[in-house]
Number of protein chains: 2
Amino acid sequence: MPLNIYDISRRAGVSIATVSRVLNNSPHVSENTRKKVMAVIEGCGYVPNAFARGLGLNSMQTIGLLCPNASDPYLAQALANLERSFRAHGYDCLLSCTDKELSARMQGVELLRTRHVDGMVLMGSSFIEAEDRNNDFIREAAKAVPILLLNGSFPCDNVYGVLCDDQRAACEATQLLLDSGRRRILYLYHSQNYSGRKKLAGYCDALASRGVELDESLMSYFGEDKTSVYQVRDHLLALERQGLEFDAVFTSEDILAVGAVKYAIAAGKKVPDDLSIIGYNNSSYCLCCNPELTSVDNKLSAICDHIVATMMGVLEGREMPQKTVFTGEIIRRGSTL
Amino acid sequence: MPLNIYDISRRAGVSIATVSRVLNNSPHVSENTRKKVMAVIEGCGYVPNAFARGLGLNSMQTIGLLCPNASDPYLAQALANLERSFRAHGYDCLLSCTDKELSARMQGVELLRTRHVDGMVLMGSSFIEAEDRNNDFIREAAKAVPILLLNGSFPCDNVYGVLCDDQRAACEATQLLLDSGRRRILYLYHSQNYSGRKKLAGYCDALASRGVELDESLMSYFGEDKTSVYQVRDHLLALERQGLEFDAVFTSEDILAVGAVKYAIAAGKKVPDDLSIIGYNNSSYCLCCNPELTSVDNKLSAICDHIVATMMGVLEGREMPQKTVFTGEIIRRGSTL
DNA sequence: GGAGATGCTGTAAACGCTTTCATAAACGCT
DNA sequence: AGCGTTTATGAAAGCGTTTACAGCATCTCC
């Protein structure tokens, strides 16, 4: 039987209203009473009941984190960053992992309806559909609480995007390959989501900027499961057998680039001499390969910090920028010339 | 202004008690009223207020997940598994990441005191200290809610351990190295926690079983930060310069084994011909190396499933085994003969 | 036909806070 | 001294549930 606010009020010789005011840092308490009440509170280690507080305030200082795939080290890193930072601001995080995009939507809505989270972070732009009518769930949720998009952008009130300029970064990565003499650059991607489309656009931009013609047969899609390393390797081997020529690979995720390295090993090609490879995310996978992977650092920790700052700002009623764009940076390692 | 239980009771022509009974599947409701009330509830999409419910029941169906390092792919995978499974049972998960062990304890207690979680999962045995008096926080927390240990064991009421027999698995892994002719086996480990100690014991068991003398200079400790890949590489290079001889490496985590591969590359040694390497966890890092890493699969997903099942059992008042041990399995890949 | 079960439903009291409103005290001013 | 203003406090009404308890039919069985 933990203590309640009545116990404190009795011991401090004040009313529960005063105790409540002390707890909530209300200015309408004299310095004297504040001290007296605080002394009692600390003396007996009283902690206000969060459920009752939630009932009164209709909030429990909770943020929902919707994560499409927590086992991806990149998103896992984001998860850790976000959680730590929100906690520092006094907010706890409810996690909601999900494989399938459809259920992701449901879970987001559920989190809102059943847990009354104060805000949600959609981690990864896979939440944003190309077909706009499928995005109603975001618009709907945004009516209730602020929605923050990690690596996405969406024009809607109360929705805030914090992202890397993937188009530009992808363009620069591709240009790096082109400018080292490569002409047949494979583009491998995981999913056709918001940032996936941006990266593709950047890839095209780069080709255009160097006067290289786009060849659709150089672009391949892969599912999101764990076996994609082998999938990529086998796919590239198959392409080679079919006579397709390529001298570089650019991927939308590091794990796919790992697959490209596997291919090179299987095909007896030297990286980067015979095949240049650039990944995306600059995740811990990059250091595991030999040679180590050149990759695009898309400023995850800055993005996470900014997401938390924006969420806090919005929750405190401040005006916040609807879209913040960071500039990616290519981290050159051994997989490129 | 969402609907409340009074709105439903009015529309259904019953009292709020009856509505509540319908919502909680109480048997004391006639089939007729149940149907009538359900129809109203579904008709208007009513969802009971979780805060009020929490206040009444002193529970919000929430599990606290204490994760020492969410950016580790292995733990991230566990996080995803646990969350999905708890959600399927109607429980949401509050995440609490932490780098430092001390603050981990604080956060666990805080989660309990401020959030009234119904149970906690301590992910990774780094929560269990070698010095027993430092484990009071577990004992304390266990008085309030069931505590589940992922990869740990702790003799205390209301604390349940689900783990892999790391000692045996480490022994078998080391024996595998010994039986392929290796005699000078480095053991690299991340931290001196519960499972760290077990693995060490297994390593020693294996040496004893084959009559090989233990050499303390073959054991090295590394911190937990991300740079450990390079740390390991440089450390091994230094050992080599000092004249220490070794023909195999066994590590407590895959990421350290990746560092050993880096060392082999830097030192111009062939894996596995000049140097055999075995990691631990069978994480996604294993596939990134060349050759791919032999590693101990410690049955993460089985452990996670069992954690959730045990937690649910305890919460439903059933008797549950205090300790469940899975048997690890060595996954042989290219880094061993 | 009435006593005693049995089954269903409603009333009202928690649960532990926040917050509005009223009141009382203290203060400054003429 | 008297008045209006400001400041500090308390009483009480929510917030939306759960649940103990009471009440009322209906039924069973002598």
Side-chain angles (χ1 to χ4, degrees), chain A residues 1-41 44-62 90 112-118 144, chain B residues 1-41 44-62 90 92 112-118 144 315:
Chain A
M1 318 309 91
L3 301 171
N4 64 22
I5 201 171
Y6 286 92
D7 299 317
I8 305 302
S9 78
R10 199 175 328 114
R11 295 186 194 192
V14 298
S15 76
I16 62 164
T18 300
V19 177
S20 175
R21 278 189 276 259
V22 169
L23 287 170
N24 294 287
N25 287 315
S26 156
H28 304 295
V29 186
S30 76
E31 206 42 48
N32 254 336
T33 19
R34 183 185 303 281
K35 273 186 194 153
K36 192 170 57 180
V37 173
M38 282 307 284
V40 174
I41 289 175
C44 59
Y46 164 72
V47 177
N49 181 293
F51 299 145
R53 203 141 193 281
L55 184 55
L57 297 172
N58 204 33
S59 151
M60 250 180 87
Q61 310 250 95
T62 306
L112 211 58
R113 294 184 2 130
T114 68
R115 308 297 297 221
H116 302 276
V117 294
D118 298 300
Chain B
M1 326 309 86
L3 301 171
N4 63 23
I5 201 169
Y6 285 93
D7 298 318
I8 304 303
S9 78
R10 200 176 325 116
R11 296 187 193 191
V14 297
S15 75
I16 60 165
T18 299
V19 177
S20 175
R21 279 189 275 259
V22 170
L23 287 169
N24 294 286
N25 286 315
S26 155
H28 304 295
V29 186
S30 77
E31 206 43 47
N32 254 335
T33 4
R34 184 185 303 281
K35 273 187 193 149
K36 191 170 57 181
V37 174
M38 282 307 285
V40 175
I41 288 175
C44 58
Y46 162 73
V47 177
N49 181 293
F51 298 145
R53 204 139 194 282
L55 184 56
L57 297 172
N58 202 35
S59 151
M60 251 180 85
Q61 309 250 96
T62 306
D92 281 337
L112 212 58
R113 293 184 4 131
T114 68
R115 290 291 185 146
H116 302 277
V117 294
D118 299 300
L315 290 177

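Naming: A, B, ... by sequence-line order, numbering from 1 per chain.
Residues of residues 2-11 of chain B having a heavy atom closer than 4.0 Å to DNA chain D, listed by number: B:Asn4, B:Ile5, B:Tyr6. For residues 48-61 of chain B, proximity to DNA chain D is found at B:Pro48, B:Asn49, B:Ala52, B:Arg53, B:Leu55, B:Leu57, defined as any non-hydrogen atom under 4.0 angstrom from a strand atom.
Listed pair B:Ser15 / C:dT11 fails the phosphate criterion, with no side-chain N or O lying under 4.0 Å from OP1 or OP2.
In this structure D:dC21 sits in a base pair with C:dG10, meeting the Watson-Crick or G-U test at under 3.5 Å. The base-pairing partner of C:dC29, taking Watson-Crick or G-U wobble contacts with both distances under 3.5 Å, is D:dG2.
At the heavy-atom level, B:Ser20 lies under 4.0 Å from base atoms of the strands shown. Contact annotation for A:Ser30: backbone-only contact, meaning every heavy-atom pair under 4.0 Å involves sugar-phosphate atoms and none involves a base. Residue B:Ile16 is in base contact, counting any heavy-atom pair closer than 4.0 Å across all strands shown.
Rounded to whole Å, the distance from CG on A:Asn25 to C1' on C:dT18 is 15 Å. Atom-to-atom, NE2 of A:His28 to C1' of C:dA24 comes out at 16 Å; the value is rounded to the nearest Å. For B:Arg21 and C:dT9, the CZ to P distance is 8 Å, given to the nearest whole Å. If you measure from atom CD of B:Glu31 to atom P of C:dT9, you get 11 Å, rounded to the nearest angstrom.
The closest donor-acceptor contact from the side chain of B:Asn4 to the backbone of B:Asp7 lies under 3.5 Å. Using modelled atom types, no side-chain atom of B:Asn24 and backbone atom of B:Ser26 make a donor-acceptor pair closer than 3.5 Å. For the pair A:Ser59 (side chain) and A:Leu57 (backbone), a donor-acceptor distance under 3.5 Å is absent.
Put simply, the residue from B:Ile5, B:Ile8, B:Val37, B:Val29 that forms a side chain to side chain contact (heavy atoms under 4.5 Å, CB included) with B:Ser20 is B:Ile5.
Proximity note for B:Asn24 (side chain, C-beta onward) versus C:dC8, D:dT18, C:dG10: the nearest is D:dT18.
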